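First the proteins, then the strands, lettered A, B, ... as listed; each starts at 1. Keep in mind the model is a prediction, meaning the values are calculated, not measured.
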Amino acid sequence: MSRVRVRFAPSPTGFFHIGSARTALFNWLYARHTGGVFVLRIEDTDKERNSEEYLNLIYDSLTWLGMGWDEGPKVGGNYGPYRQSERAAIYTQYLEKLKAAGRTYEKDGAIYFKLEGERYEVYDEHRKKTVTKVKVAPTVIEDQIRGRVERMEDEDFVIVRSDGNPVFHFVNVVDDIAMEITHVIRGEDHLSNASKHVELFKAFGAPVPAYAHIPLILKQNGPGKMSKRDQGALIEEYQRRGYLPEALVNFLCLLGWNPGGDREKMPIEDVIRLFDLPQVNQSNARFDDKKLAHMNMAYLLEVPADRFVAIARAHLERQGASAALAADPAYFREVMLLSQPKIKGLEELPAYTAYFFSEDYPVDAKVRDKVMAKGEPAARLRELVAALPTFDFSSDTAIEEAIKALAAKQGLGFGDYQPIARLAVSGTNVGPSITGLFRVLGRERVLARLQRCLGAL
RNA sequence: GUCCCCAUCGUCUAGCCCGGUUAGGACACUACCCUUUCACGGUAAGAACCGGGGUUCGAAUCCCCGUGGGGACGCCA
């Protein structure tokens, strides 16, 4: 059996979205699973809508998600060029084959693909005009996911526009033949195009590739498939929001595929080992950003310290958190490691850590009122200020012991000091443990903040 | 309008192919536990086989019809 060759064939006409990423992913997984070749082909035949910016976004997004391509732009290969805009000569050559076989004709300056059969006219309700149809037998599509699908392809269609540019159906099939693509894995929206493509393959006398039409991703709210305009549709957005690519990939794997049983979070190596086309679901899946966020959190929790500090810094750079970036690296690291187990996503980081990097941090009025309403916070604050110079700041447990000792002297508990101390040093009631907070902020800063809070009472 | 695809908790899904399960898991939601806050974590609860026929001793599972959802019907890709 010959080596599997799959391709991801996006057109650079818009932002790279989640549906495209999933199609790319399933192709990539199948290539890796079978030891095949993953080809990236750029379908840029629509000169009006293409842009270099979108092209680069495709490269960047695939790279970010960890889907390297074996052949394609930038890496080359034996079947290039890999941009359709550079393959005109090949299309001319294949068009000649079709012409020689008597399978084309010209009308209104465009070249049509001619189906074989008797012609007749019929009024089309949808298009509100009379069209010419051809009496044909149904085209059979053998789909790896859906099984045998029959579709009537009974109208000639344009393969070269009147401006001389070839059309998607034509170039797509020509390239799949020329690049010896063995499996076509794409969205179900192409299932109705597949009959056109099968007829073209047959007209060229080329073997028809194995098809696998994967289910679509439906938008989270409202009807229809997810489109570029929908909330959460753009890969770029997740990159900007500091999502971990491996979490997004894991989530995407599970949208329309699963290894059977209960496994969800799993390393990509395991997915590659278990992935196969027949296990892909047949029904569309609705996008769920909560589940994605949860997956991201689960991955974030496991990121090794050094990498976490690095991605946290990168994220804060994106957010322009200058105070944090200007801080001492060792201090920055301590703050990030204190935050890692507590946050749900990198997005929370700027607000979550703001008070570590500035004395001018917001104080939550509701929290303040709540804290001040209970017990004798002012007295506790005074005791803390008085005792703080004697505290051992060398570790969280040392600080904990010190606070407990102070509390015991008053016949109180740790919990009587915690809320007011937290409010004083952070202005809020959420965050890392108060002992960690003290240790990382340091005695001087904690003392200053406690005193300032006391003065404001 | 025509054609094609699909149908299990609110959502993602296991189970279906090869009929017999207390129909399992995850996210979300609720309660409790853990706890120095907030999270994490743990436990528990609620929550589904779209409807109708058929085949069968027995149907989520096989067949048909309805309904619902999705897609396609471009000189876009």
Side-chain angles (χ1 to χ4, degrees), chain A residues 9-14 43-46 48-50 84 107-112 122-128 131 138 141 143 145-147 149-155 157-169 171-172 186-196 213 215-216 218 220 223-225 251 254-265 278 281-295 297-298 301 339 341-344 348 352 367 371 400 403-404 407 413-419 421-423 426 428-435 437:
Chain A
S11 58
T13 55
E43 306 220 331
D44 53 353
T45 54
D46 184 355
E48 305 290 310
R49 298 196 299 151
N50 287 323
Q84 291 185 329
K107 194 176 112 187
D108 304 328
I111 298 171
Y112 281 72
V122 67
Y123 184 76
D124 186 304
E125 283 293 336
H126 183 72
R127 284 174 288 178
K128 309 284 182 215
V131 296
I141 301 140
D143 195 280
I145 295 168
R146 280 151 220 293
V149 177
E150 285 190 9
R151 227 188 91 89
M152 205 63 83
E153 193 58 52
D154 59 0
E155 257 183 77
F157 53 92
V158 173
I159 52 174
V160 181
R161 297 185 189 96
S162 50
D163 66 3
N165 286 308
V167 168
F168 161 71
H169 302 298
V171 295
N172 188 268
R186 46 154 51 157
E188 201 213 85
D189 48 344
H190 283 291
L191 187 54
S192 45
N193 290 328
S195 47
K196 282 188 177 67
H213 287 94
L216 301 179
L218 268 28
Q220 183 144 243
K225 64 171 175 173
F251 172 78
L254 264 17
L255 227 46
W257 173 86
N258 74 79
D262 297 339
R263 291 193 73 186
E264 291 200 338
K265 182 167 176 290
N281 292 153
Q282 306 182 29
S283 50
N284 295 339
R286 203 168 289 279
F287 181 78
D288 181 359
D289 61 355
K290 290 244 179 63
K291 188 140 186 173
L292 170 57
H294 182 266
M295 185 68 80
M297 181 203 71
L301 243 26
S339 307
K342 311 289 280 186
I343 59 172
K344 283 171 155 338
E348 293 179 5
Y352 199 84
V367 172
V371 170
E400 187 179 338
I403 295 176
K404 279 184 175 165
F414 194 108
D416 293 295
Y417 293 84
Q418 196 276 141
R422 178 178 299 281
L423 178 72
S426 72
T428 178
N429 66 339
V430 302
S433 69
I434 192 70
T435 54
L437 231 41

Between [N] and [M], how far apart are the two [atom1] atoms, rounded to whole Å?
| N | M | atom1 | answer |
| --- | --- | --- | --- |
| B/G41 | B/G69 | C1' | 38 Å |
| B/A47 | B/A23 | P | 13 Å |
| B/U13 | B/U8 | P | 9 Å |
| B/G68 | B/U30 | C1' | 30 Å |
| B/C3 | B/A45 | P | 49 Å |
| B/C4 | B/G15 | C1' | 27 Å |
| B/G24 | B/U67 | C1' | 29 Å |
| B/U61 | B/G53 | P | 14 Å |

Any base atoms under 4.0 Å from [X], or only sugar-phosphate, or nothing? Heavy atoms, all strands.
| X | answer |
| --- | --- |
| A/Ser162 | base |
| A/Asp108 | base |
| A/Arg146 | sugar-phosphate |
| A/Ala110 | base |
| A/Leu254 | sugar-phosphate |
| A/Thr45 | sugar-phosphate |
| A/Glu400 | base |
| A/Gly109 | nothing |
| A/Leu301 | sugar-phosphate |

Between atom [atom1] of [X] and atom [atom2] of [Y], what is the distance when rounded to the nearest 0.5 Å?
| X | Y | atom1 | atom2 | value |
| --- | --- | --- | --- | --- |
| A/Asn193 | A/Asn172 | CG | CG | 8.5 Å |
| A/Arg422 | A/Leu437 | CZ | CG | 6.0 Å |
| A/Leu301 | A/Ile343 | CG | CD1 | 9.5 Å |

Using atom [atom1] of [X] as one end and atom [atom2] of [N] as the other, report the distance to the nearest whole Å.
| X | N | atom1 | atom2 | result |
| --- | --- | --- | --- | --- |
| A/Met295 | B/U13 | CE | P | 12 Å |
| A/Asp143 | B/C4 | CG | P | 15 Å |
| A/Asn258 | B/C12 | CG | C1' | 9 Å |
| A/Glu348 | B/C38 | CD | C1' | 10 Å |
| A/Asn429 | B/U37 | CG | P | 11 Å |
| A/Glu264 | B/G25 | CD | P | 12 Å |
| A/Trp257 | B/U13 | CH2 | C1' | 12 Å |
| A/Lys342 | B/U36 | NZ | C1' | 10 Å |

Could you point out which residue of A/Arg151, A/Glu153, A/Met152 forms a side chain to side chain contact (heavy atoms under 4.5 Å, CB included) with A/Pro138?
->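 Only one option passes, and that is A/Met152.
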Would one find a side-chain N or O of A/Gln418 under 4.0 angstrom from OP1 or OP2 of B/U37?
->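 Negative; the distance criterion is not met.
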Cationic N near anionic O, under 4.0 Å, A/Glu43 to A/Arg186 |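 Result for this pair is no, no salt bridge flagged.
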Considering Watson-Crick and G-U wobble pairs with both distances under 3.5 Å, what does [N] pair with?
| N | result |
| --- | --- |
| B/C34 | none |
| B/U22 | none |
| B/C62 | B/G54 |
| B/C27 | B/G10 |
| B/C3 | B/G71 |

Quiz item: cation-pi between A/Lys196 and A/Phe157, 6.0 Å / 45° |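 Because its charged atom sits under 6.0 Å from the ring centre and within 45° of the axis, A/Lys196 does stack over A/Phe157.
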Return the nearest nucleotide to the side chain of [X]; candidates are [options].
| X | options | result |
| --- | --- | --- |
| A/Glu125 | B/C38, B/A77, B/G1 | B/G1 |
| A/His169 | B/C6, B/C75, B/A77 | B/A77 |
| A/Ser433 | B/A14, B/G1, B/U36 | B/U36 |

Minimum heavy-atom distance [X]-[Y], with the two atoms named:
| X | Y | answer |
| --- | --- | --- |
| A/Tyr352 | A/Pro432 | OH-N, 3.6 Å |
| A/Thr45 | A/Val171 | CG2-CG2, 4.1 Å |
| A/Lys342 | A/Gly431 | CE-O, 3.5 Å |

Under 3.5 Å, is there a donor-acceptor pair between the A/Thr428 and A/Ser426 side chains?
->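 Result is no, nothing qualifies.
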Along RNA chain B (nearest heavy atom to each residue), the more 5'-positioned of A/Gly431 and A/Gly260 =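 Checking each residue's closest nucleotide, the 5'-ward one belongs to A/Gly260.
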Whichever of A/Tyr352 and A/Val160 has its nearest RNA chain B nucleotide further upstream toward 5' |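 Nearest nucleotide further toward 5': that of A/Tyr352.
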Can you find a pair of side-chain heavy atoms, one from [X] and one from [Y], that are under 4.5 Å apart?
| X | Y | answer |
| --- | --- | --- |
| A/Val371 | A/Asn429 | no |
| A/Glu264 | A/Lys291 | yes |
| A/His213 | A/Ile145 | no |

Strictly under 3.5 Å: I want the nitrogen or oxygen pairs between protein and nucleotides 28-35 of chain B, one per line.
none

Let me have a per-nucleotide readout for nucleotides 68-74 of chain B, 5' to 3', with B, S or -, counting only protein heavy atoms under 4.0 Å.
-> --BSSBS
Check for a donor-acceptor pair, side chain of A/Asn50 on one end and backbone N or O of A/Asp44 on the other, with a separation under 3.5 Å.
->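 Judged by distance alone, yes, a pair lies under 3.5 Å.
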Would you check if the side chain of A/Glu155 reaches a backbone N or O of A/Val131 as a donor-acceptor pair within less than 3.5 Å?
->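 Looks like no, no N/O pair under 3.5 Å.
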In terms of base orientation, is B/C18 syn or anti, with the syn window spanning 90° either side of 0?
->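 Because its glycosidic torsion lies more than 90° from 0, B/C18 adopts the anti conformation.
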What protein N or O atoms touch nucleotides 42-52 of chain B N or O atoms at under 3.5 angstrom, if any, and at what distances?
none

